[in-house]
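Notes to accompany the following structure.
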Amino acid sequence: MVLLFIALPLLCKYRLKPNILGVSAQSYGGLLPYILLTRPCDQARSFAEALTLRGVAVQNIVIDPILKIEAVAAPFDFAPIQGLLITSANAVAHLPADLVGSNLPAYCVGEATTRAAIKRGLTARHMAATAQGLCVAVGHENPTGPLLHLRGVHTTLDIAHHFQGTRINLQNLVTYQQIEQTLKHETYQMLQSAGRVILPIFSPRSARLLCGLDLDWTGHIAVAISQAVSELCRMAGFGEVIVSPKPDTVSMLDVTTPLMAAKSG
């Protein structure tokens with residue numbers, strides 16, 4: 001039996017259906033659940049690829065972003081800035097042109113974000129796993145300012161406000177926005193009738209948008225990147241909520257992948 005591989009970029013345009021490759025569910029030991037990825041498209045595709053490399057069948061992965069990332073025009077005088085705070089890969093992807101190749105110090109959340117910042121010409125260091133941890137680390141560093149936090153319209157922590165009244169001179173600059181997207185009709189049908197669905201959820205904003213939908217979550221599993229996300233999912237009535245031990249992609253993969261080994265009810 002030959003299993004043809006469907007290019008992952010197509011995942012972002014089409015909802016893959018069971019047996020689209022002509023392989024019966026029994027070939028996998030029973031009907032497996034779906035994994036629904038609602039991250040912005042590029043991040044969802046990257047996570048989907050990582051899942052397939054770990055053995056998850058591509059036809060059991062559905063991508064339907066509930067958020068779209070778009071750049072925000074951000075005219076700014078960067079000349080006085082002595083360092084950047086970067087808490088999201090989206091901020092690196094929407095790095096203002098004047099900062100690309102600037103070699104400015106960048107204090108980053110997450111190793112992947114740090115690597116991406118280095119590739120764009122920043123002198124980046126991985127400082128913490130969360131925005132809160134970054135604030136603590138920067139406070140210990142006591143850097144000379146002014147500093148600039150590159151962020152989206154929606155954020156879990158207003159870092160400039162956090163440092164207000166301290167010796168650290170830090171400003172916010174919004175460089176991208178997270179725009180709510182409507183889930184496809186087919187996705188609603190899947191969540192209503194396809195048995196168990198596993199939803200890795202990477203941000204409180206995504207969690208709030210998902211949990212606000214008129215859906216019964218009792219048959220589904222949420223894999224939450226943080227306690228804040230898990231609390232929203234529990235309040236929405238998810239049948240099971242699993243919290244990632246670390247707020248990063250590898251840990252989310254470690255939690256999500258084994259869930260595909262069990263048959264859906």
Side-chain angles (χ1 to χ4, degrees), residues 8-9 12 37 39-50 53 63 65 67-160 162-163 168-179 202-203 205-206 225 246-253:
L8 279 165
C12 207
L37 304 178
R39 303 186 81 185
C41 192
D42 288 345
Q43 294 165 323
R45 285 190 304 189
S46 177
F47 195 77
E49 182 175 5
L53 291 174
I63 291 179
L67 289 174
K68 178 174 69 172
I69 305 300
E70 288 189 354
V72 171
F76 193 86
D77 179 12
F78 296 104
I81 299 301
Q82 298 299 306
L84 305 171
L85 273 68
I86 301 178
T87 52
S88 166
N90 291 317
V92 179
H94 296 87
L95 191 68
D98 289 347
L99 296 178
V100 177
S102 66
N103 290 317
L104 270 176
Y107 307 99
C108 299
V109 168
E111 293 180 359
T113 298
T114 304
R115 290 192 296 269
I118 291 171
K119 288 181 180 179
R120 303 218 67 190
L122 300 176
T123 305
R125 285 194 291 158
H126 173 222
M127 302 294 290
T130 65
Q132 291 84 354
L134 180 63
C135 288
V136 173
V138 169
H140 290 157
E141 289 276 317
N142 192 25
T144 57
L147 304 176
L148 191 64
H149 177 211
L150 304 177
R151 48 162 282 190
V153 172
H154 301 276
T155 184
T156 56
L157 176 65
D158 186 334
I159 294 181
H162 174 87
F163 283 112
I168 294 177
N169 177 9
L170 188 143
Q171 303 174 61
N172 285 325
L173 180 65
V174 172
T175 59
Y176 65 93
Q177 58 184 329
Q178 309 99 319
I179 302 171
F202 288 81
S203 72
R205 177 157 165 77
S206 292
I225 197 168
K246 295 181 181 179
D248 58 39
T249 298
V250 172
S251 294
M252 290 289 283
L253 286 166

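Side chains are part of it too, since the values below use all heavy atoms of this structure and drop only hydrogens, waters and symmetry mates. Since we're looking at a predicted model, the values are computed, not measured.
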Q) Do you know the tightest heavy-atom contact between I86 and A117? A) CD1-CB, 4.4 Å
**Q.** Taking every non-hydrogen atom, the tightest pair across T175 and P96
**A.** CG2-CG, 4.0 Å
Q) Can any side-chain N or O of R151 pair as donor or acceptor with the backbone N or O of V153 at less than 3.5 Å? A) yes
Q.
Tell me which one of Q177, R39, H94 satisfies side-chain contact (heavy atoms from CB on, under 4.5 Å) with I69.
A. H94
Q: Identify the heavy atoms of A129 and V109 that sit nearest to each other, and give their distance.
A: O-CG1, 3.4 Å
Q. Taking side chain as C-beta onward, heavy atoms only, is V138 less than 4.5 Å from P143?
A. yes
Q: Determine yes or no for a side-chain-to-main-chain donor-acceptor pair under 3.5 angstrom, with Q82 supplying the side chain and P80 the backbone.
A: yes
Q: Of all the heavy-atom pairs spanning I168 and G139, show the shortest one and how long it is.
A: CD1-CA, 3.9 Å
(Q) Would F78 and S102 count as a side chain to side chain contact (heavy atoms under 4.5 Å, CB included) here? Give the steps. (A) CA-CA 10 Å; F78 296 104; S102 66; over 6 Å; no
Q. Would you call L99 and I81 a side-chain contact if the rule is heavy atoms closer than 4.5 Å?
A. no
Q.
If you compare all heavy atoms of T130 against all heavy atoms of P247, which two are closest, and at what distance to 0.1 Å?
A. CG2-CG, 3.7 Å
Q. Taking all non-hydrogen atoms of both residues, which atom of A48 and which atom of I63 are closest, and how far apart?
A. CB-CD1, 4.1 Å
Q.
Within the 4.5 Å heavy-atom criterion, are D248 and E111 side-chain neighbours or not?
A. no
Would you mind writing out the side-chain donor-acceptor pairs for residues 119-127 within the sub-3.5 Å range, not counting sequence neighbours?
| residue | atom | partner | partner atom | Å |
| --- | --- | --- | --- | --- |
| R120 | NH1 | V92 | O | 2.9 |
| T123 | OG1 | N103 | O | 2.9 |
| R125 | NH2 | E141 | OE1 | 2.8 |
| H126 | NE2 | A128 | O | 3.1 |

Q: Determine whether L148 and L104 make a side-chain contact, defined as any pair of heavy atoms from C-beta on separated by less than 4.5 Å.
A: no
Q. Where the side chain of Q178 meets the backbone of H154, is there a donor-acceptor pair that is under 3.5 Å apart?
A. yes
Q. If only atom types and distance count, is the side chain of T155 paired as donor or acceptor with the main-chain N or O of D158 below 3.5 Å?
A. no
Q: Using ring pair (Phe, Tyr, Trp, His ring centres under 6.0 Å) as the criterion, list what pairs up with F202, not counting sequence neighbours.
A: F47
Q: Check whether any side-chain heavy atom of C135 lies under 4.5 Å from a side-chain heavy atom of I159, and answer yes or no.
A: yes
